Trainee: 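Encoded as C-alpha cells, here's the structure I'll be asking about.
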Amino acid sequence: MSLLANECVREFTYKSFSVEKKEEESVKIKIIDNPEAVAYCSILWPSAPILALYLWEHRSELIGKYILELGSGTALPGILAAKCGAHVTLSESALLPRSVNNLKRTCELNDLNSSQVAVIGITWGLFTSNVLQLKPLDLIIASDCFYDPSVFEDILATVSFLIDRNPHTEFLTTYQERSSDWSIEPLLHKWQLACSSISIDSLGVESDIDINDLVGNHSIHFGLQKIFVSNLPWTISSRELRQYFSGFGNIYQARVVFDRDTGLSKGFGFVTFQSEESVNKVLKSTNHTIEGQPIVIQPTK
DNA sequence: GTTGAGCGTT
C-alpha cells in the first residue's frame, strides 16, 4: 500500500495484563493520518484514541459482536474492535468515495481482509440499501462525529433507525465539546433515545496510558486554536507555512489558500494548533517573517 | 492577468 503526499502511518500499541489468561495481551494498530487534509475524515482527532482505549479496556465484551462504526475516518476504534475479535463494519460518507477507499487501505495496512472487516458508504440520515442490508448490530460506535450541529440530527436519525430495528443495539460515542451552545439532548428526546455519559477518569489506568497525552488541551473551542495568516509570500505552500509555525507548538493543519481556477496562492492561509497555548504564543510574538517577508497574524473570525 | 486586502475546505 502506498502513501499519498502528507500522509503518514501512525502506530498504536495497546497492552494490558489479562488476569484471566495470566498473560500480557497486546495489539498493534496502524492508521493513516493526514494532518494536512482538507477533508476532516483523514485527520486523526483526539476522540478516536479515547474511544479505542475504551474499547480495548472492554475487549472481552467485544468478541463475536457485530459492530458498525459511523464516520470512521482514520478508523482507529473500528480496527481495534476488529483486532479484538468483533465483526466490524467501517463506514464513511457514501458521498466521499475517496474516504471510503481510505478505509479499505487502512484494513489492508492492518492485514484485515474484506471477510473480516466490511467497508461501506453510509450517508448520515439517508436510508440507502447499504443501511437497510446491515445485519442486526450489537454496537454502533462513532468518534468525533458531532462536530457540526447541522448534521447532529442526521446522525441520530441513522442511529435511531438502527436501534429501532434491533433494540438491544447500543451506541457509544466520543466527541470534543466545541461549543457550550451545542447539545444533542433535545434531538435525543425527539428520536426517543436515552443516553448516559461514561466517565473516562479511570480510562488508561489498566494500560498505563495517560489520556491527557491523547487528548492534549482539546476541551477548548476551535476558534481559539486557529489563526488567520496573511501577507504570505506568493510562493510558499502549506508545507512552508507548517514549517514556520511548528516552532510554536503541535500543528493539526496548516493550509495556504489557493485560487481554485488559477491555482495561484491567495497570499493567506490558516494554521490550526493542537492547543490554545500555541496560539497565544504566536499572537504574543512579533516580527513574524517567512522568507524575509513580514507576515500578518490574526485570530480567526 | 503577474497582485498585497482579505477569513477557506469538507
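Quick note on labels: first sequence line is chain A, next is B, and so on, each numbered from 1. Being a predicted model, the structure only gives us computed values, none of them experimental.
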Trainee: Quickly work out the A:Arg260 CZ to B:dG1 P distance and round it to whole Å.
Mentor: 22 Å

Trainee: Could you tell me the separation between the CD1 atom of A:Ile295 and the P atom of B:dC7, rounded to a whole number of Å?
Mentor: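 It works out to 18 Å between those atoms.
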
Trainee: Roughly, in whole Å, what's the span from CG in A:Asp144 to C1' in B:dT10?
Mentor: 14 Å

Trainee: To the nearest Å, how far apart are A:Lys301 NZ and B:dC7 P?
Mentor: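 Going from A:Lys301 (NZ) to B:dC7 (P), I get 5 Å.
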
Trainee: Is A:Leu232 touching bases, backbone alone, or none of the nucleic acid, heavy atoms closer than 4.0 Å?
Mentor: base

Trainee: Quick check on the 6.0 Å ring-centre criterion: do A:Phe273 and A:Phe248 meet it?
Mentor: no

Trainee: As a test of reading the structure: which of B:dC7, B:dT9, B:dT3 is closest to the side chain of A:Trp234, going by heavy atoms?
Mentor: B:dT3

Trainee: Among Ile, Leu, Val, Met, Phe, Trp and Tyr joined by side-chain contacts under 4.5 Å, find the other residues sharing a cluster with A:Phe268 and list them by chain and number.
Mentor: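 When side chains under 4.5 Å apart are linked, the cluster holding A:Phe268 also contains A:Phe228, A:Val257, A:Phe270.
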
Trainee: Contact class for A:Leu264 (heavy atom, under 4.0 Å): base, sugar-phosphate, or nothing?
Mentor: base

Trainee: Looking at side-chain heavy atoms only, is the closest gap between A:Trp124 and A:Cys145 below 4.5 Å?
Mentor: yes

Trainee: Go nucleotide by nucleotide along DNA chain B from the 5' end; which of A:Thr262 and A:Lys266 gets its closest nucleotide reached first?
Mentor: A:Thr262

Trainee: Rounded to whole angstrom units, what separation is found between the CH2 atom of A:Trp45 and the C1' atom of B:dT10?
Mentor: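 To the nearest whole Å, that distance equals 11 Å.
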
Trainee: Roughly how far, to the nearest 0.5 Å, is CD1 of A:Ile141 from CG of A:Leu68?
Mentor: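 Rounded to the nearest 0.5 Å, the CG-CD1 separation comes to 8.0 Å.
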
Trainee: Picking from B:dC7, B:dG1, B:dG6, which would you name as closest to the side chain of A:Gln298?
Mentor: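 Nearest to the side-chain atoms of A:Gln298, counting from C-beta on, is B:dC7.
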
Trainee: Considering every strand and a 4.0 Å limit on heavy-atom distances, what is the contact class for A:Gln293: base, sugar-phosphate, or nothing?
Mentor: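 A:Gln293: base contact, heavy atoms under 4.0 Å.
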
Trainee: Grab the CG-P distance between A:Asn231 and B:dT3 for me, whole Å please.
Mentor: 13 Å

Trainee: In whole angstrom, what separates A:Asp259's CG from B:dT9's P?
Mentor: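 A:Asp259 atom CG is separated from B:dT9 atom P by 9 Å.
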
Trainee: Classify the ring geometry between A:His288 and A:Phe245 as parallel (under 30°), tilted (30 to 60°) or perpendicular (over 60°).
Mentor: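 Rings of A:His288 and A:Phe245: tilted, as their planes differ by 30° to 60°.
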
Trainee: Find the distance A:Arg98:CZ to B:dT9:C1' and express it as a whole number of Å.
Mentor: 12 Å

